Amino acid sequence: MRGEHDVTVHRSLRETEKAVQAKLGDTPIRHTQMVAVANIYRAAAAVRQHFENSVLRGAELTWTSFVVLWVVWIWGEMETRHVAEEAGISKGTLTGVSRTLQSRGLLERNSHPSDGRLVLLRLTERGEQLMAEVFPAFNAEEVFVAERLTDEECGTLADLLRKIVMQTEENGEERRLALLDGADPHPRRSGRRSSRS
């Protein structure tokens with residue numbers, strides 16, 4: 001049995017919301033927006049975990065590798081920088097993922113015809129076949145995770161989430177510059193201290 005201080009204990013959504021409310025108390029924050037954004041994160045994590053442990057596991061794909069295949073499947077041959085941007089990952093992460101997919105015969109990496117510094121990605125015939133086989137099963141799991149919503153609620157949810165995406169895409173850069181007083185952001189860190197400190 002796990003103890004109350006065991007970090008592997010999984011808390012329900014209701015337990016988490018109660019704990020946050022108890023911790024913050026009268027702190028002057030916008031609770032409704034906080035809960036909305038927290039639940040976007042929590043829903044995304046739950047969906048990702050479900051997909052990786054079900055339909056993607058059978059295809060030996062991670063969420064990230066599936067998203068990379070999806071982007072190239074939908075858009076066709078693309079430069080790596082555009083694939084990374086569309087997939088929402090760093091170029092470094094894409095390099096590792098694309099090499100793994102290439103070693104499995106699902107993706108090809110080719111030099112750009114007019115600029116040898118650029119790399120193009122495209123699905124192989126085997127990659128095309130895998131996506132054609134996996135996507136119907138993937139969509140069946142999309143239906144499963146949205147089962148408690150009506151079609152109308154799914155449409156409303158999609159519209160609301162689209163508004164959040166558009167807000168960050170259209171105004172996020174200006175907001176980041178304002179928060180950083182125009183300075184470039186520091187490189188992202190893992191949260192671990194440097195071994196030199």
Side-chain angles (χ1 to χ4, degrees), residues 2 7-13 16 37-113 118-162 164-166 168-169 188 190-192:
R2 293 175 173 151
V7 294
T8 61
V9 171
H10 178 76
R11 307 287 186 199
S12 73
L13 181 59
T16 301
V37 173
N39 283 337
I40 289 171
Y41 171 79
R42 195 170 177 113
V47 167
R48 178 178 178 152
Q49 184 175 31
H50 172 75
F51 278 70
E52 285 191 332
N53 290 329
S54 59
V55 66
L56 297 180
R57 180 162 291 186
E60 298 180 8
L61 296 172
T62 63
W63 178 268
T64 304
S65 61
F66 174 80
V67 171
V68 167
L69 290 173
W70 166 263
V71 167
V72 182
W73 189 46
I74 294 300
W75 295 108
E77 188 173 57
M78 292 177 74
E79 288 181 28
T80 52
R81 60 187 167 145
H82 298 308
V83 174
E85 187 177 305
E86 288 290 325
I89 58 177
S90 70
K91 288 184 273 185
T93 298
L94 177 62
T95 298
V97 170
S98 63
R99 286 189 176 146
T100 299
L101 294 171
Q102 183 181 18
S103 73
R104 292 184 57 195
L106 302 173
L107 198 66
E108 284 182 1
R109 295 168 51 90
N110 300 304
S111 294
H112 192 283
L118 301 177
V119 176
L120 300 172
L121 298 180
R122 78 175 191 84
L123 264 58
T124 61
E125 187 175 322
R126 186 171 168 190
E128 292 275 352
Q129 183 179 349
L130 177 68
M131 288 302 289
E133 290 170 2
V134 167
F135 189 71
F138 187 94
N139 182 245
E141 294 314 303
E142 290 175 318
V143 172
F144 167 76
V145 299
E147 201 167 83
R148 294 188 184 196
L149 303 178
T150 65
D151 286 352
E152 184 178 339
E153 287 172 328
C154 284
T156 300
L157 177 61
D159 288 342
L160 294 173
L161 292 173
R162 192 174 292 115
I164 288 176
V165 171
M166 293 188 69
T168 55
E169 285 182 351
R188 285 189 252 179
S190 65
R192 289 180 286 168

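As the structure is a prediction and not an experimental result, all values here were calculated from the model. One-based numbering along the sequence shown.
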> State, to 0.1 Å, how close Val97 and Ser65 come at their nearest heavy-atom pair, and which atoms those are.
CG1-CA, 3.7 Å
> Indicate yes or no: at least one non-hydrogen side-chain atom of Phe51 is less than 4.5 angstrom from one of Glu142.
yes
> Please report the closest heavy-atom contact between Leu121 and Val72, naming both atoms and the distance.
O-CG1, 3.7 Å
> Considering residues, nucleotides and ligands other than Glu85, do more than 12 of their heavy atoms fall under 6.0 Å from its CD?
no
> By salt bridge (Lys or Arg N to Asp or Glu O under 4.0 Å), which residues pair with Arg122, not counting sequence neighbours?
Glu108
> Does the side chain of Gln129 pick up a donor-acceptor pair with the side chain of Glu125 at under 3.5 Å?
no
> Tell me, do Leu130 and Leu61 make a side-chain contact under 4.5 Å, heavy atoms counted?
yes
> Do you know the tightest heavy-atom contact between Arg109 and Arg99?
NH2-NH2, 4.3 Å
> Looking at Trp75, I'd like to know if its CH2 atom is crowded, meaning that more than 12 non-hydrogen atoms belonging to other residues, nucleotides or ligands lie closer than 6.0 Å.
no
> I need the single residue from Val134, Leu101, Ile74 that forms a side chain to side chain contact (heavy atoms under 4.5 Å, CB included) with Leu69. Which is it?
Leu101
> Identify the two heavy atoms, one from Pro136 and one from Met131, that lie closest to each other, and give their separation to 0.1 Å.
CD-O, 4.4 Å
> What are the two closest non-hydrogen atoms of Ala87 and Val68, and how far apart are they?
CB-CG2, 4.4 Å
> Would you say CG of Asp151 has more than 12 non-hydrogen atoms from neighbouring residues, nucleotides or ligands within 6.0 angstrom?
no
> Determine whether Thr124 and Leu107 make a side-chain contact, defined as any pair of heavy atoms from C-beta on separated by less than 4.5 Å.
no
> Work out which heavy atom in Leu120 is nearest to a heavy atom in Ser111; give both atom names and the distance.
CD1-O, 4.2 Å
> Any chance you could measure Thr100, atom OG1, to Gln102, atom CD, to the nearest 0.5 Å?
10.0 Å
> Is it the case that the side chain of Ser98 and the backbone of Leu94 share a donor-acceptor pair, with hydrogens and angles ignored and the cut-off at 3.5 Å?
yes
